[in-house]
Amino acid sequence: MGGPSTNRSGAKSGKTGSGRGRSKKAAPRARLPKMNPEQADAVKQIHGPVLILAGAGSGKTMVITHRIRQMLKFGMPPGAIVAVTFTNKSAREMKARLGKMLSRKETRGMVVSTFHSLGNRILQKEIECLPGYRYPFSILAREDQESVLADIYRGLKLDPADARDSGVISLISLCKNSGLEPEDFAEQRGFEAGGDLFGEIYRRYHKNVHGVNGVDFDDLILLPQEIFRREPEILAKYRRKWRHFLVDEFQDTNPAQYNLLLQLVGSEKQLCVVGDDDQSIYGWRGADVNIILGFEKDFPNSKVVRLETNYRSTARILEAANSVIRNNPKRTGKKLRPIAGPGEMLHGIIGADEVREAEIVADEIKRRVFTENQMPGDFAILFRTNFQSRAFEQELRNRNIPHHVVGGYKFFDRREVRDMISYLRVLANPRDETALMRVINRPRRGVGEGTLAKISQYILDQDEDHRPDVYTVLELMSETPGMIPGVRADVVATLYEFLELLANYRSKFSRATRLSPVLNELIRELNFEAEFRREADNDNVVKARMFNLSELVNMLSYMEDNWDESVPPTIFDFLARISLMAQDQDPDEDEQRGRVQLLTLHVSKGLEFPVVFLTGLEEGLFPSLRSLEESQENGFGDAGLCEERRLYYVGITRARRELFLSAAQSRRKFGEAQIVELSRFWDELPEGAIDWMIRETGATDEEDQKNTLTNLLDGLGSLGESE
DNA sequence: GTGCTAAGAGTTTTT
DNA sequence: CTCTTAGCAC
């Protein structure tokens, strides 16, 4: 299956309904008997440095996997090959593709992972050479970062509540990812009075995270670099082992990741990067398009291959895509060439409000599913922001159309799941204070805020240089009653029991051959069920929560069953996997197929669907208000708008056969309807490309009134000005 | 220390 | 509109 000469047309056959086109019209995608010259050229370039500029739908994944096969054929050992992707999903997919093409033996030792997993892999082995870090370290999630920050705010006499939404965490992350010192970063960002304060917060943040033996996501990229700088022989070891690098979605690389890559690649430059500057949509996370644009400068003798033939979409869809992206300056300037015929026109929908928009979309899907026999899985509804999914979910549910929201509410954000994970974190790393604090009174054991405050105060009262960590204090307390005045004896006794429980399970976990039964036992011993009963008035809620916990056990068990390393997995391995999995767990991917997919534009990158609904094309929503403001503010021209446009381009190019574009005339914001303007992006489509399906105008009565009122006021306003 | 009610606040995108 | 939090009674 999928040999070198049987090109599978390069389109991904991933999780969506693609390839199951049981619909009446044949998909436009052409099946090539063999690779086209550009693709063949790309596959041949097994020595770096190579830059493959791969337009959307140009058979990128196929080229990558075949290139790897080619490398193996020429005797490169699999263990020397490292393929880096941006998301776990694409890492999984690449593994699956390689697995089909190659035997297990042929791929043994090959690394296919995300940047973050790669960093984690290095840290697991090497972190102890950095002072103050020990092996099972904790990977801090967003919530943990917030609580670290809240502590700092308290210390600085700022409102700890601001630690939540002040965007400081994003700033810290952006700063780390840009590879800048906080001072330089502050200067570059043009902070005025706040500059020093930010530096101070940043410094304390790093110190505190380090203090709990924790690393945040960005540290997974940064700390390996520090190790390599301090210990050149460790770097040399990795360079001997890993000699060929391949990076997918290179346009999403940020400076920190690029630097790590440069370190690892060294002077041999056995590096192949694949990407599309037009699909760079993670600038807000530090990704820098200039890295891909400047690749040829950084690697002067690099070979450049462009893949511009598109096997995915109809000519009309590609015309729209080309017409839109042409508005961006600063590109490598690719143009997608269709293989397929013109196909249908683009369909336009304008609903009176967001509910009408959703109704029209859902009706159209319903009609096609029930009368034209199309599969629900052939449809995708894309939107800019997560909250837009609600209306669509509701309308699909009303019509009994199976659907699935990709990456919406997250399993790992559930409170009970986070509680259980916190237990595991404390067991793996007793210094993990955020986890310890979270778990200390869960389920409720009568250790309240008062007690915790006293403990914190006790720690603060100790000499700065040898402050004990919370865990140590708890141990001391339970040995010496009355150590902290005001903490009742029965509370001390409870804490003692709590510590015993932890000690007990720590040894159980370290002795057990399988971890999942122990986790199950822990859940039962903690008696979460009783806790849930007490909290919830609804039996289903209790069941759902228990189900989530058992799902966690299942995940662990599944991991143990599919572990391909010589040493069995530890709790830490499980935790690391969970943290890195973050967003994209689809435990039952097969089951999701055959459902209408609802997803954000960002999540949609790399996927394709026969029929795409690109929704919410309204000014301020898409392009988003923030991006527009940013563009104006910082004098960097219209960088924000350009990124939104690339996002638009990504959305358009997801469609294989048909593309619907939609907007609402008015949209409720916090429950209040507001008239919105059509997005400027409508105007960037080719002239006459749209076949209007529905174009509702006046909306409901009350909205109509508002509308006329606004017009009236506008009129008065301009009259006044002209006077 | 826990549980209820009322008021308030907030939606970009994610490894 | 929905979710979180502050304040008060037990």
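Residue numbering restarts at 1 for every chain, and letters A, B, ... go by the order of the sequence lines.
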Short side-chain N/O contact from [X] to OP1 or OP2 of [N], under 4.0 Å:
X: A:S117; N: B:dT15; value: no
X: A:T87; N: B:dT14; value: no
X: A:N386; N: B:dT13; value: yes

Measure [atom1]/[X] against [atom2]/[N] and give the value in whole Å, please.
X: A:R415; N: C:dC3; atom1: CZ; atom2: P; answer: 14 Å
X: A:F387; N: C:dC1; atom1: CZ; atom2: P; answer: 16 Å
X: A:Q145; N: B:dT15; atom1: CD; atom2: P; answer: 14 Å
X: A:D490; N: B:dG1; atom1: CG; atom2: C1'; answer: 12 Å
X: A:I578; N: B:dT14; atom1: CD1; atom2: C1'; answer: 18 Å
X: A:N254; N: B:dT15; atom1: CG; atom2: C1'; answer: 10 Å
X: A:H602; N: B:dT14; atom1: NE2; atom2: P; answer: 7 Å
X: A:K605; N: B:dT13; atom1: NZ; atom2: C1'; answer: 12 Å

Residue A:N88, side-chain heavy atoms: nucleotide from B:dT15, B:dT13, B:dT11 that is nearest: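 So the side chain of A:N88 is nearest to B:dT15.
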Nearest to the side chain of A:R390 - B:dT15, B:dT14, C:dT2?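 In terms of side-chain proximity for A:R390, the closest of B:dT15, B:dT14, C:dT2 is C:dT2.
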Say we look at C:dA6 and B:dT11: how far apart would their P atoms be, to the nearest angstrom?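 Nearest-Å result for C:dA6 against B:dT11 at atom P: 16 Å.
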Name all residues meeting the side chain to side chain contact (heavy atoms under 4.5 Å, CB included) criterion together with [X]; count only those two or more places apart in sequence or in a different chain, and write none if there are none.
X: A:V148; result: A:L140, A:I152, A:Y205, A:N208, A:V209
X: A:R121; result: A:V111, A:W242
X: A:H210; result: A:Y133
X: A:S117; result: A:N88, A:S113, A:T114, A:L580

Every protein N/O within reach of nucleotides 2-8 of chain B N/O, cut-off under 3.5 Å:
unit_1: B:dG3; atom_1: OP2; unit_2: A:R444; atom_2: NH1; d: 3.1

With DNA chain B as reference, determine whether A:T385 or A:D218 sits nearer its 5' end, using the nearest nucleotide of each.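 Taking each residue's closest nucleotide, the earlier one in sequence belongs to A:T385.
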Pick the nucleotide of DNA chain B nearest each of A:R384 and A:S173; which residue has the one closer to the 5' end?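 It is A:R384 whose nearest nucleotide is closer to the 5' end.
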Does a salt bridge link A:D277 with A:K330, judged by any charged N lying under 4.0 Å from a carboxylate O?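 No salt bridge links A:D277 with A:K330.
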Do NZ/NE/NH1/NH2 and the carboxylate oxygens of A:E249 and A:K605 come within less than 4.0 Å?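 Judged by the 4.0 Å cut-off on N to carboxylate O distance, A:E249 and A:K605 do form a salt bridge.
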What is the nucleic acid contact for A:F622, judged by heavy atoms within less than 4.0 Å: base, sugar-phosphate only, or nothing?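 It contacts nothing in the nucleic acid.
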Checking the side chain of A:N120 only, and the main-chain atoms of A:H116 only, is there a donor and an acceptor separated by less than 3.5 Å?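 Answer holds: no.
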Check for me: is A:Y282 stacked on B:dT14 by the 5.5 Å centroid and 30° plane-angle rule?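 No, the aromatic ring of A:Y282 does not stack with the base.
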Could you tell me whether the side-chain ring of A:F86 sits stacked on the base of B:dT15, using a centroid cut-off under 5.5 Å and a plane angle under 30°?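 A:F86 ring does not meet the centre or angle cut-off for B:dT15; no stack.
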Residue pairs involving residues 613-625 of chain A (criterion salt bridge (charged side-chain N to carboxylate O under 4.0 Å, His left out); sequence neighbours excluded):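 Every pair satisfying salt bridge (charged side-chain N to carboxylate O under 4.0 Å, His left out) with a residue in residues 613-625 of chain A: A:E618-A:R667, A:E619-A:R680.
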